[in-house]
Amino acid sequence: MVFVIMGPQGSGKSTQAKLLSQRLGLYLISTGTILRDLYAANTPMGIEAEEYWSEGHLVPNDLMHKILLEQIAEHKNIKGYVLEGFPREEGQYTELEKIFKRPVAAVIDLTVDREVYMQRIESRKVIEKRKDETEEAIERRLNAFEQHTLPLLKKFEKDGIPVVMIDGTQPIDNVHQQIWDHIQSYLSN
Ligand code: AMP
């Protein structure tokens, strides 16, 4: 069983992915966090990937693929995954089931107006001091989201995978509860 959480930066997707994975007992794959941790740990793949993400570019698929295979190699006997930050573009969409070897039960799309997520990114900048939160990198990431990631929602739907839209501007607990209510019927997949 795989659940995918989608949404722009600042939509609260990483918080929601964490809450959902804990509640369902699924393994959380948060690709942005994985990339930052691998870089902080000074690993060769982490250092290579940082050249891309620190500038707001997507990390190339072959590198991302290797990183993910390494992450999941240790977790053979699990029920499934909550994916956050993956897939981010068409090639990754195609590879998803090959990498995770399980069908996608549903996609949660956290919707947030540009004004709201820009505000959230601004306040996060002060707290987290991420390398990719320069004006330029933020702009590139938003463009990448709009051009490459958003169109994937239509692909999921076309392939018969349910896409649940949730208003991500609500308080954290409400968003989580709505996700929870909506996914009940997909839990057996
Ligand atoms: P995030 O924490 O999800 O905002 O990710 C931070 C950055 O890591 C993104 O802006 C990308 O540069 C990179 N990244 C995260 N996930 C992926 C992915 N699936 N494919 C390529 N690059 C990624």
Side-chain angles (χ1 to χ4, degrees), residues 2-21 27-73 81-102 104 107-112 114 116-153 155-156 168 172 175:
V2 173
F3 287 96
V4 177
I5 313 280
M6 302 260 283
Q9 44 182 318
S11 62
K13 64 181 169 13
S14 86
T15 306
Q16 293 303 329
K18 201 184 281 175
L19 290 172
L20 185 65
S21 65
Y27 189 72
L28 173 65
I29 295 281
S30 177
T31 46
T33 306
I34 291 170
L35 292 171
R36 288 186 287 279
D37 289 350
L38 287 177
Y39 177 65
N42 239 341
T43 66
M45 285 199 289
I47 292 167
E48 191 184 341
E50 186 267 349
E51 286 177 27
Y52 299 93
W53 67 253
S54 62
E55 302 287 333
H57 294 291
L58 289 180
V59 172
N61 281 353
D62 52 347
L63 179 56
M64 205 58 232
H65 194 133
K66 274 191 248 166
I67 288 173
L68 283 172
L69 288 183
E70 198 179 84
Q71 293 286 320
I72 61 176
Y81 300 93
V82 172
L83 306 184
E84 183 256 313
F86 190 97
R88 221 141 172 145
E89 56 81 73
E90 205 174 330
Q92 296 183 359
Y93 177 87
T94 313
E95 288 188 336
L96 198 157
E97 288 194 12
K98 229 190 298 167
I99 296 176
F100 295 99
K101 298 192 171 60
R102 288 161 177 84
V104 177
V107 178
I108 318 293
D109 176 27
L110 293 179
T111 59
V112 178
R114 197 180 173 106
V116 176
Y117 62 67
M118 286 312 282
Q119 255 170 23
R120 289 183 178 176
I121 295 167
E122 280 304 314
S123 35
R124 182 165 79 183
K125 252 189 201 172
V126 184
I127 306 164
E128 293 185 12
K129 297 200 167 56
R130 275 169 53 160
K131 280 188 109 172
D132 57 349
E133 294 203 327
T134 62
E135 234 50 1
E136 258 191 345
I138 288 172
E139 192 57 35
R140 265 197 211 114
R141 289 161 62 207
L142 285 176
N143 287 338
F145 176 74
E146 281 162 10
Q147 275 180 33
H148 301 290
T149 311
L150 260 186
L152 300 183
L153 289 173
K155 284 189 168 288
F156 277 117
I172 292 173
V175 176

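We count ligands from 1, going down the list as the structure has it; atoms in each ligand are counted the same way. Just so it is clear, the model here is predicted, and its values are computed rather than measured.
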Check if [X] has a non-hydrogen atom at a distance under 4.0 Å from any atom of ligand 1.
{"X": "Phe86", "value": "yes"}
{"X": "Glu89", "value": "no"}
{"X": "Gln9", "value": "no"}
{"X": "Arg140", "value": "no"}
{"X": "Glu55", "value": "no"}

Give the residue, atom name and distance (to 0.1 Å) of the protein heavy atom nearest [atom].
{"atom": "atom 2 (O) of ligand 1", "value": "Arg36 NH1, 3.0 Å"}
{"atom": "atom 20 (N) of ligand 1", "value": "Gln92 NE2, 2.8 Å"}
{"atom": "atom 19 (N) of ligand 1", "value": "Gly85 O, 2.9 Å"}
{"atom": "atom 14 (N) of ligand 1", "value": "Leu35 CD1, 3.4 Å"}

Check: [X] side chain, [Y] main-chain N or O, donor-acceptor pair, under 3.5 Å:
{"X": "Glu90", "Y": "His148", "result": "no"}
{"X": "Arg130", "Y": "Glu128", "result": "no"}
{"X": "Glu122", "Y": "Lys125", "result": "no"}
{"X": "Tyr81", "Y": "Ile29", "result": "no"}
{"X": "Arg141", "Y": "Asp132", "result": "yes"}
{"X": "Ser11", "Y": "Val112", "result": "no"}
{"X": "Thr31", "Y": "Gly85", "result": "yes"}

For this session: Determine, considering heavy atoms only, which of Met64, His57, Arg141 sits nearest to atom 11 (C) of ligand 1.
Result: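 The residue whose heavy atom sits nearest atom 11 (C) of ligand 1 is His57.
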For this session: Please check if atom OH in Tyr27 has more than 12 non-hydrogen atoms from other residues, nucleotides or ligands closer than 6.0 Å.
Result: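 Yes.
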Problem set entry | NZ/NE/NH1/NH2 to OD/OE distance under 4.0 Å, Glu84 and Lys13 |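 Result for this pair is yes, salt bridge flagged.
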Exercise. Would Glu146 and Arg114 pass as an ion pair if we require N to O under 4.0 Å?
Worked result: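 Salt bridge between Glu146 and Arg114, a charged N being under 4.0 Å from a carboxylate O: yes.
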Taking only heavy atoms of [X], which atoms of ligand 1 are found under 4.0 Å from at least one of them?
{"X": "Trp53", "result": "7 (C), 8 (O), 12 (O), 13 (C)"}
{"X": "Lys13", "result": "3 (O)"}
{"X": "Asp132", "result": "6 (C), 7 (C)"}

Heavy-atom contacts under 4.0 Å between [X] and ligand 1: side chain, backbone, both, or neither?
{"X": "Val59", "result": "both"}
{"X": "Lys131", "result": "neither"}
{"X": "Glu133", "result": "neither"}

Check whether any N or O atom of [X], backbone or side chain, sits under 3.5 Å from an N or O atom of ligand 1, and answer yes or no.
{"X": "Thr31", "result": "yes"}
{"X": "Thr33", "result": "no"}
{"X": "Arg88", "result": "yes"}

Exercise. Is the shortest heavy-atom distance from the side chain of Phe86 to the side chain of Ile99 under 4.5 Å?
Worked result: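 Phe86 reaches Ile99 side chain to side chain.
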Problem set entry | Spacing of Glu133 atom CD and Arg124 atom CZ [to the nearest 0.5 Å] | 4.5 Å
